[in-house]
Number of protein chains: 2
Amino acid sequence: MELINLYKCLCDVQRLRILNLLKEGPLCVCHLQEILGETQVKISKQLQYMKKLGIVLARRQGVWMVYSLPMPPHPLLLANLQGLQTCTDEFPWFAEDLKNRALILQRFADNLAECPQVVYQSASGC
Amino acid sequence: MELINLYKCLCDVQRLRILNLLKEGPLCVCHLQEILGETQVKISKQLQYMKKLGIVLARRQGVWMVYSLPMPPHPLLLANLQGLQTCTDEFPWFAEDLKNRALILQRFADNLAECPQVVYQSASGC
DNA sequence: TTAATATATACCATAGTAAGGATATACTAA
DNA sequence: TTAGTATATCCTTACTATGGTATATATTAA
């Protein structure tokens, strides 16, 4: 992976939000779609873009595609996501997104009918 | 300045090299041109790009245009340039450029006929 | 004024990126 | 097999970025 590619991913707000979410753990497209409030095509394309550049990984789990960061995530990526956390005025969605992610995981824990094949816990190793 | 713009500048090798140099202090176009070994047009365009995004500042000093980082430089920019210093395998020019910059400044100190109007020392405040 | 130097801009071609709509693919369930 | 769901791809259009050549601008020196 070329480091330049990291910056190519960071220079777009949607991709930044996706990486911020994936930093916490794997997510499937439908959940990213729900959190970002974007169309399926847009999310999917951004994921393809980052996958092609080697910044995210994809793995199929039943009907779902689960995206994640390579382990361990590049320290420079983590440092940037960390540093951006404090810029709440410019990136208000940074914390909001993480909150919504937690809600979804909670909902998923309560109701296994939703995304039943996706066991994010077991995906932490990919 | 929007932080996203910072990443837009970082995602290109030439711009990265320029920022790495400006981190050490102001430089005029001709010196950047000499260090990077690129054409005047390319350097100038990259500088315009970053200036438009609010990442670098420009000030005329006689015939020369002196470019610099806004003071104080954004911590996220410094953190990234710092973090990249260690990636000598991927960015071998990172240290080389700084060495060449030092040589130019030395040469300038020895011979004032070169870029006589440019007093980089006095430019540190811009 | 004229000439010379440093730098920016205009113009053109090419490539990369982004967004939307429609459609295709892959998998699951029945 | 069929239908349904999740995701990816194709196609078009528009915008942004990159690179090159030529030219314009600004400043200095004579």
Side-chain angles (χ1 to χ4, degrees), chain A residues 2 4-5 7-18 22 26-53 55-68 104 108 112-120 123, chain B residues 2 4-5 7-18 22 26-53 55-68 104 108 112-120 123:
Chain A
E2 299 192 8
I4 287 289
N5 292 343
Y7 294 118
K8 283 192 180 177
C9 292
L10 292 174
C11 71
D12 175 272
V13 173
Q14 280 180 22
R15 290 194 290 263
L16 207 46
R17 291 176 70 179
I18 292 175
L22 294 185
L27 275 178
C28 71
V29 180
C30 59
H31 288 163
L32 286 169
Q33 194 178 336
E34 180 180 348
I35 297 175
L36 296 202
E38 283 289 355
T39 65
Q40 179 258 321
V41 184
K42 271 175 85 172
I43 298 291
S44 181
K45 279 182 184 170
Q46 296 288 21
L47 289 167
Q48 294 317 305
Y49 180 92
M50 294 196 282
K51 183 180 159 200
K52 212 174 59 185
L53 294 185
I55 306 298
V56 305
L57 297 176
R59 138 183 134 247
R60 176 172 286 278
Q61 188 122 16
V63 192
W64 286 264
M65 288 297 295
V66 178
Y67 284 85
S68 59
I104 284 178
F108 170 57
L112 286 184
E114 185 191 14
C115 273
Q117 281 90 344
V118 182
V119 180
Y120 285 136
Chain B
E2 299 190 8
I4 288 289
N5 292 343
Y7 293 119
K8 283 191 179 177
C9 291
L10 292 174
C11 72
D12 175 271
V13 173
Q14 280 180 23
R15 292 193 289 264
L16 206 48
R17 291 176 70 179
I18 291 175
L22 294 186
L27 274 179
C28 70
V29 180
C30 60
H31 289 164
L32 286 168
Q33 193 179 336
E34 179 180 349
I35 298 174
L36 297 202
E38 282 289 355
T39 66
Q40 179 258 321
V41 184
K42 271 176 85 172
I43 299 291
S44 181
K45 279 182 182 173
Q46 296 288 20
L47 288 168
Q48 297 316 307
Y49 179 93
M50 295 195 280
K51 183 180 159 198
K52 211 174 62 186
L53 294 185
I55 306 300
V56 304
L57 297 175
R59 129 179 146 253
R60 177 172 286 276
Q61 188 125 15
V63 191
W64 285 266
M65 289 294 297
V66 178
Y67 284 84
S68 59
I104 284 179
F108 170 58
L112 286 182
E114 187 191 13
C115 274
Q117 282 90 346
V118 180
V119 182
Y120 285 137

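Each chain gets a letter, A, B and so on, in the order the sequences are listed, and its residues count up from 1.
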Assert: residue with more 5' nearest nucleotide on DNA chain D, out of B:T39 and B:Y49, is B:Y49
Non-hydrogen side-chain atoms of B:L27 and B:I104 separated by less than 4.5 Å
no
Can you tell if the side chain of B:V56 reaches within under 4.5 Å of the side chain of B:I18, non-hydrogen atoms only?
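Counting from C-beta outward, B:V56 and B:I18 never come under 4.5 Å.
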Could you state the interatomic distance from SG (B:C28) to CD1 (B:I43), rounded to the nearest 0.5 Å?
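B:C28 atom SG to B:I43 atom CD1 measures 11.5 Å (nearest 0.5 Å).
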Nearest 0.5 Å, please: how far is CE in A:M50 from CG in A:D12?
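So the gap between those two atoms works out to 8.5 Å.
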In whole Å, I'd like the distance from the [atom1] atom of [X] to the [atom2] atom of [N].
X     : N      : atom1 : atom2 : answer
A:K8  : D:dT16 : NZ    : P     : 18 Å
A:I4  : C:dT17 : CD1   : P     : 13 Å
B:K52 : D:dT16 : NZ    : C1'   : 9 Å
B:H31 : C:dT5  : NE2   : P     : 16 Å
A:M50 : D:dT7  : CE    : P     : 15 Å
A:L27 : D:dA6  : CG    : C1'   : 15 Å
A:D12 : D:dT16 : CG    : P     : 14 Å
A:N5  : C:dT17 : CG    : P     : 10 Å

Listed nucleotide nearest any side-chain atom of B:V63, set C:dT7, D:dT27, C:dT17:
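Of C:dT7, D:dT27, C:dT17, D:dT27 is nearest to the side chain of B:V63.
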Nearest to side-chain heavy atoms of B:K42, which nucleotide of D:dG19, D:dT28, C:dT28
D:dG19
B/S/- contact track for nucleotides 8-15 of chain C, protein heavy atom under 4.0 Å
BBB-----
State which residues pass side chain to side chain donor-acceptor pair (under 3.5 Å) with A:Y7; sequence neighbours excluded, sorted by chain then number.
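Testing A:Y7 for side chain to side chain donor-acceptor pair (under 3.5 Å), a comparison that skips the adjacent residues, returns B:N80.
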For B:K51, all residues meeting side chain to side chain donor-acceptor pair (under 3.5 Å), sequence neighbours excluded
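Checked B:K51 against side chain to side chain donor-acceptor pair (under 3.5 Å); zero matches.
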State whether A:R15 places a side-chain N or O below 4.0 Å from either non-bridging phosphate oxygen (OP1 or OP2) of C:dT17.
no
Return yes if some donor-acceptor pair links the side-chain N/O of A:R59 with the main-chain N/O of A:S68 below 3.5 Å, else return no.
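Checked: no pair found.
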